[in-house]
Amino acid sequence: MGVSLPPKKYRFGKQCRDEMMAGIQLMRNCVTATLGPNGRNVAIDRYMLNDITKDGVTVLGDVVADDSFAEMGCKMVREASTKTNDDAGDGTTTAIEVAWALCEEGRKRVENGTNVIKLQTGMQIAIDAVVAELDKQAISIQGEASSDLEAGVGKEPVEKRTRLYYENVATISAQDAKIGKEVTDIFLKSGENGIIDVERVDKPGIESEHTDGMQIAEGWLRHEFMNDYTSLSYSMEEVPVIITDRELTAIPELAGLDLLARKGIKKCVIICDDCNGEALATCAKNARFGSFHVCVIKAPAWGARKAEILKDLAAMTGATVISEETGLNMDQIDITHIGYARQVTAKQKKTIFIADKEHMVQNPATGEQRTIGACIADRVELLTKTIAETDEGFEKDKLKERLANLTDGVSIIKLGATTEIERILMKRRVEDAIRAVQCAKEEGIVAGGGAALLHCVHALEAINLPDPDEQMGVEIVKVAIHSPARRILEVAGVEPEAAPWYYRLSKEMRASWTKRCQEKIIEDVKGMGTAHGFFMHRKGYCYGNLISEGIVDPKKVVRTAFINGASCAKTFLSCEVAITPIPEKDPALNPLLRSR
């Protein structure tokens, strides 16, 4: 007898797309209310705390439709938006707006009988044209000045100009000039591949500090090792460090912890190949009950590169790697084999070690006393020689990453606020600003406020495809790239001119006047140069050079948001059938049916 599956609900054709579009519309209404300089706050009810935020990623995580088919639409745009955040760190709201506009326009064309496959082909041609146009518009942060830079900006020295653009990008992303300045300062101090971390402090305000440190792409092995449940991390200062390339399974292999405990030290970080069995259970139990603040971290990478990174960590902490190469076992460990770190912060997927360069360590083989700073200097010299002898390629890039990890260090931005809600909001703004300047460095900047996409219209107007259905795909994209700029104006309620008295007689007539003004602004911007657009000034609204005014977006953010939003729309338009469970009849969703 076969397995009986629970019944499900089905939707076909127009009904399928309409019900999924309701979820996309819901997501758009909730998230894009935060778009632009005058974006509104969203209040989210959480346990014992209201979360007041303008962060699109935070909002979209709490938007869940009560209808299962509408929720399928929400999931589509949520995936596109989340991927944009993962790739670029910003642009989540723009991705949703682009996806909504393409879905809305494309749905109408599909219902009129347009061939979906040819429609998608035309859309992809238009998408490629927009991306190519954005590449042309992009202005390098560190390159020579562009002819589009007016009002004296292009005449500034390269260093001053670079700093100005970084600060503009950070300020626009965080919507706070002070945060923009602090993030720019710390970003320039941190070097080419430096690491920037955000810390919590009790004193209200924002401060920055650059410290020597190293980051690895592995975090705590088990959640029991966390001691800060607010940031889900293990954080400890002046902590001993044990490094080995072996797998820990038995209690005798934890002899180093016993050695530290006898000296009155009840904290330690262990970096090992893996940890399980009695060794893991013992460490987890001690960490959970607070008798010994230990954190086990899995060694990063694999093979020969793992061994080299462990040696880098040994230089950073003054430890000795317990391995076959050194001829040591974990039960033979001595106090001279144990390293020291000024601070260790381990999160789920990364750990930052901050060195104390003045701390003295002893070489267990020779008994020589030297500082950790001298150990790091020797390791840097060795890496520099190795890089010089290595041909260009993957291996050389990885060596450069390791060298940067040892030399550029860790920059820390310290945040404090009067209330927890304010501190969380500030932390999100700082993280957005950091990711924005990193993106700006990678691919340059373009005009902000949706103007960059508006200026791509001319590239689409030059496309003339022989197939009418494919050309329809181009027209859909042409309409959709107006949407981000239009939504920014809608949220801001822009009215450059005072409405005549007869437009003030009703709410509908006032809305009609506002829409007319906004459409005129969009048409005006399209006829300007690629660096120009419309912006809100203290004295009112005006047109001008957005680059000179500091109203810029990282090109990577705009490009990623547009591509991911368009990809979501193409998937939606090709949907002809939707299938979803019936909660009342599915045992996986209804516990009352599981015993039957």
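Owing to the predicted nature of the structure, the values given are computational and were not obtained by experimental measurement. Every heavy atom of this structure was used, including side-chain atoms; hydrogens, water molecules and symmetry mates were not. Starting from 1, each residue takes its place in the sequence as its number.
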With a 3.5 Å distance limit and no angle check, can you tell me whether [X] reaches the backbone of [Y] through a side-chain donor-acceptor pair?
X    : Y    : answer
Y234 : H293 : yes
W220 : K349 : no
T326 : I322 : no
K54  : G39  : yes
D334 : H337 : no
Q332 : N329 : yes
S173 : V169 : no
E325 : A307 : no
E253 : A250 : yes
S81  : R78  : no

**Steps toward salt bridge (Lys or Arg N to Asp or Glu O under 4.0 Å) verdict (E218, K298)** = CA-CA 6 Å; E218 292 287 349; K298 194 172 180 179; over 6 Å; no
**Message:** One pair to check against side-chain contact (heavy atoms from CB on, under 4.5 Å): T171 and T184. What are the steps and the verdict?
**Reply:** CA-CA 9 Å; T171 300; T184 303; over 6 Å; no
Other residues, nucleotides and ligands only: do more than 12 of their heavy atoms fall within 6.0 Å of [atom1] on [X]?
X    : atom1 : answer
K306 : NZ    : yes
K347 : NZ    : yes
E368 : CD    : yes
E308 : CD    : yes

**Among I297, I271, L313, the one residue meeting side-chain contact (heavy atoms from CB on, under 4.5 Å) with V241** =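 Going through the options one by one, the only one that passes is I271.
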Looking at every non-hydrogen atom in both residues, tell me the closest pair between [X] and [Y] and how far apart they are.
X    : Y    : value
Y165 : I445 : CG-CD1, 3.9 Å
I338 : G256 : CD1-O, 4.3 Å
V98  : P484 : CG2-CG, 3.9 Å
I333 : A255 : CG2-C, 4.1 Å
L310 : A299 : CD2-CB, 4.0 Å
A447 : L546 : CB-CD1, 3.9 Å

Enter the distance from [X]:[atom1] to [Y]:[atom2] here, rounded to the nearest 0.5 Å.
X    : Y    : atom1 : atom2 : value
M330 : R246 : CE    : CZ    : 9.0 Å
D245 : I309 : CG    : CD1   : 13.0 Å
D312 : R305 : CG    : CZ    : 10.5 Å
K181 : I206 : NZ    : CD1   : 10.5 Å
L425 : I52  : CG    : CD1   : 9.5 Å
M426 : I413 : CE    : CD1   : 11.5 Å

**Item:** Check against side-chain contact (heavy atoms from CB on, under 4.5 Å), T244 and D273
**Value:** CA-CA 7 Å; T244 179; D273 183 62; over 6 Å; no
Pairing of [X] and [Y] as salt bridge, 4.0 angstrom limit:
X    : Y    : answer
K556 : E442 : yes
D432 : R428 : no
K427 : E431 : yes
K385 : E381 : yes

**Request:** Start with the C-alpha distance between T94 and V558, add both sets of side-chain angles, then the distance that settles side-chain contact (heavy atoms from CB on, under 4.5 Å), and finish with yes or no.
**Result:** CA-CA 8 Å; T94 302; V558 179; over 6 Å; no
**Prompt:** Are N276 and E247 close enough that a side-chain donor and a side-chain acceptor fall under 3.5 Å?
**Reply:**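 E247 and N276 do have a side-chain donor-acceptor pair below 3.5 Å.
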**Message:** Regarding S291 and N286, do their side chains bring together a donor and an acceptor under 3.5 Å, going by distance alone?
**Reply:**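 Yes, side-chain donor-acceptor contact under 3.5 Å.
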**Message:** For a salt bridge (Lys or Arg N to Asp or Glu O under 4.0 Å) check, start with the C-alpha distance between D135 and R559, then their side-chain angles and the critical distance, and finish with the verdict.
**Reply:** CA-CA 9 Å; D135 290 339; R559 177 183 61 79; 5.5 Å; no
**Request:** Verify salt bridge (Lys or Arg N to Asp or Glu O under 4.0 Å) between K189 and D185, making sure each step is shown before the conclusion.
**Result:** CA-CA 6 Å; K189 286 178 185 176; D185 289 342; over 6 Å; no
**Asked** Taking the inter-plane angle between the rings of Y340 and H359 on a 0 to 90° scale, is it parallel (under 30°), tilted (30 to 60°) or perpendicular (over 60°)?
**Response**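 Correct class here is parallel.
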**Asked** Please walk me through it: do M316 and I372 pass side-chain contact (heavy atoms from CB on, under 4.5 Å)?
**Response** CA-CA 7 Å; M316 178 68 68; I372 289 178; 5.8 Å; no
